[in-house]
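I have placed the structure first, in the form of structure tokens, so that the comments after it can refer back to it.
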Amino acid sequence: MAGDAVNDSLIVIRAIHFAATALTTGTLMFQAVVADPALHSAEAVATVMRAQIRRVAWVGLAITAVSGAIWVLLEAAAMSGLAFSEAITANVLSTVVNETQFGLVFEIRSVLAIVLAACLAYDRLPVARWLALASALGLVAAIAWTGHAGSTPGEMGLLHLTADTLHLIAAAAWTGSLVPFALLLAAARRYPREASARLVRDATQRFSMLGIASVATVLGSGIVNAWILVGSINGLIATQYGGLLILKITLFAAMLAFAAVNRFWLTPRLALPFTSTAQLQALRQLTRNSMIEIALALMIFAIVGMLGTLHPAIHTLET
């Protein structure tokens with residue numbers, strides 16, 4: 001495997017890695033901001049949800065670790081220009097890990113992943129849960145140094161890194177928390193009691209606030225990133241990078257549309273009596289919309305995997 005095959009593999013593994021990292025971070029963010037405060041009103045659901053949140057976080061971290069290791073191997077082939085089998089040697093891997101910025105970031109993120117795993121193993125301790133969240137945030141934020149932002153020089157580079165870091169954290173907080181949110185809604189539907197009704201209302205309102213803050217941050221930081229990497233309308237419409245970015249924005253807009261329906265149409269209907277047909281339909285639709293948002297988020301991660309392997313539009317136009 002060499003050349004285009006390595007590049008195609010990099011796209012796939014980057015997309016998987018970004019999605020898994022976002023899942024891990026978003027799940028822990030959901031636990032801290034939404035689940036823990038809301039679950040006090042439904043202890044039966046709380047037991048199930050805490051176990052599911054731990055399971056999702058572990059799965060996300062495991063996929064992050066495996067895909068991260070494969071990413072290093074593929075980067076070794078890409079950086080060396082050798083075939084994959086020829087690049088997987090001690091000398092090449094040592095050079096990539098110890099003498100490149102990508103390698104340094106990999107080492108830092110490996111330490112954060114180990115700390116996160118230890119915290120998940122002892123998550124019954126409050127301090128461990130908060131340290132796990134901090135480690136996960138660091139794990140996703142450090143990705144900024146592996147992409148275009150990490151190679152932008154000077155003061156512009158600092159602005160780019162700041163914007164990209166905020167973009168990654170906010171995107172992970174929103175998209176990654178969709179999975180535990182859908183699981184919570186499904187769990188609540190199996191416990192048709194008044195306590196479950198209060199839980200769903202409380203959790204949905206808290207999740208909505210997390211979503212609003214995340215979306216605002218994604219929009220603001222995304223505009224900065226686009227200004228730095230695209231530079232003009234012509235760069236947006238006349239380059240492959242710009243075309244993929246337009247597709248990413250379109251999918252993001254679709255996610256926003258579903259989120260708006262959830263927030264302004266379905267959430268108010270959850271205040272109806274729990275046994276009412278309208279409220280049960282709203283709960284089912286809310287679960288269905290969350291699953292659609294997850295599918296859209298996976299498409300966006302695939303596009304992000306491709307964008308990271310392309311030259312930015314502003315550089316393409318300069319050449």
Side-chain angles (χ1 to χ4, degrees), residues 7 10-26 28-29 60-61 63-80 92-116 133-173 175-176 214 217-218 220-230 241 245 248 300-301 303-315:
N7 189 65
L10 268 174
I11 291 172
V12 173
I13 206 65
R14 280 166 53 88
I16 293 172
H17 186 78
F18 294 164
T21 307
L23 175 62
T24 305
T25 304
L28 295 176
M29 179 70 76
L61 182 58
I63 298 174
T64 298
V66 173
S67 60
I70 297 173
W71 188 6
V72 172
L73 300 180
L74 290 170
E75 280 291 350
M79 290 181 182
S80 66
V92 174
L93 291 176
S94 177
T95 299
V96 171
V97 172
N98 297 316
E99 299 181 25
T100 67
Q101 178 172 294
F102 177 85
L104 175 61
V105 174
F106 169 74
E107 291 175 340
I108 294 172
R109 296 183 74 239
S110 296
V111 172
L112 289 171
I114 292 171
V115 172
L116 177 52
L133 177 58
S135 301
L137 290 172
L139 193 64
V140 71
I143 293 176
W145 276 261
T146 68
H148 296 308
S151 58
T152 306
E155 294 182 358
M156 186 65 73
L158 180 60
L159 174 63
H160 197 180
L161 278 171
T162 301
D164 207 31
T165 298
L166 292 174
H167 196 76
L168 287 164
I169 290 175
T175 60
S214 298
T217 304
V218 167
S221 58
I223 290 172
V224 174
N225 283 341
W227 171 61
I228 295 172
L229 295 173
V230 179
Y241 189 97
L245 185 58
K248 177 187 173 186
I300 290 176
F301 284 123
I303 293 172
V304 171
M306 288 185 273
L307 288 173
T309 63
L310 297 176
H311 290 295
I314 194 169
H315 295 165

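The two residues L116 and S135 come nearest to each other via the heavy atoms CB-CB, 4.0 Å. Taking all atoms of both residues into account, the shortest heavy-atom contact from G60 to T24 is C-OG1, 2.9 Å. When all heavy atoms are compared, the tightest approach of A20 to I63 is CB-CG2, 3.6 Å. For V304 against R14, the heavy-atom pair with the smallest separation is O-NH2, 3.6 Å. Of all heavy-atom pairs spanning S221 and A163, the tightest one is CB-O, 3.2 Å. Considering every non-hydrogen atom in both F301 and A22, the closest pair reads CZ-CB, 3.5 Å.
Applying the side chain to side chain contact (heavy atoms under 4.5 Å, CB included) test between L166 and each of T217, V224, L161 identifies T217 as the sole match.
A donor-acceptor pair under 3.5 Å is formed between the side chain of N98 and the backbone N or O of S94. A donor-acceptor pair under 3.5 Å links the side-chain atoms of T25 to the main chain of A136, judged by distance alone.
Within the structure, the side chain to side chain donor-acceptor pair (under 3.5 Å) test picks out the following pairs touching residues 65-79 (sequence neighbours left out): H17-S67, W71-E75.
With sequence neighbours excluded, the residues satisfying side chain to side chain contact (heavy atoms under 4.5 Å, CB included) with A226 are L245. Under the side chain to side chain contact (heavy atoms under 4.5 Å, CB included) criterion, T100 pairs with M79, V96, F102, sequence neighbours left out. For I108, the side chain to side chain contact (heavy atoms under 4.5 Å, CB included) partners at least two apart in sequence or on another chain are L104, L112. Residues meeting the side chain to side chain contact (heavy atoms under 4.5 Å, CB included) test with V218, sequence neighbours left out: H167, A170, A171, F252.
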Kindly list each side-chain donor-acceptor pair under 3.5 angstrom involving residues 137-149, sequence neighbours excluded, with atom names and distances?
| residue | atom | partner | partner atom | Å |
| --- | --- | --- | --- | --- |
| T146 | OG1 | I143 | O | 2.6 |
| H148 | NE2 | L307 | O | 3.3 |
| H148 | NE2 | L310 | O | 3.1 |

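Here the straight-line distance linking atom CG of L158 with atom OG1 of T152 works out to 11.0 Å at 0.5 Å rounding. The structure places CZ of F18 at 13.5 Å from CD1 of I303, a figure rounded to the nearest 0.5 Å.
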Start with the C-alpha gap between I16 and I70, add the side-chain angles, then the distance that decides, and say whether side chain to side chain contact (heavy atoms under 4.5 Å, CB included) holds.
CA-CA 11 Å; I16 293 172; I70 297 173; over 6 Å; no
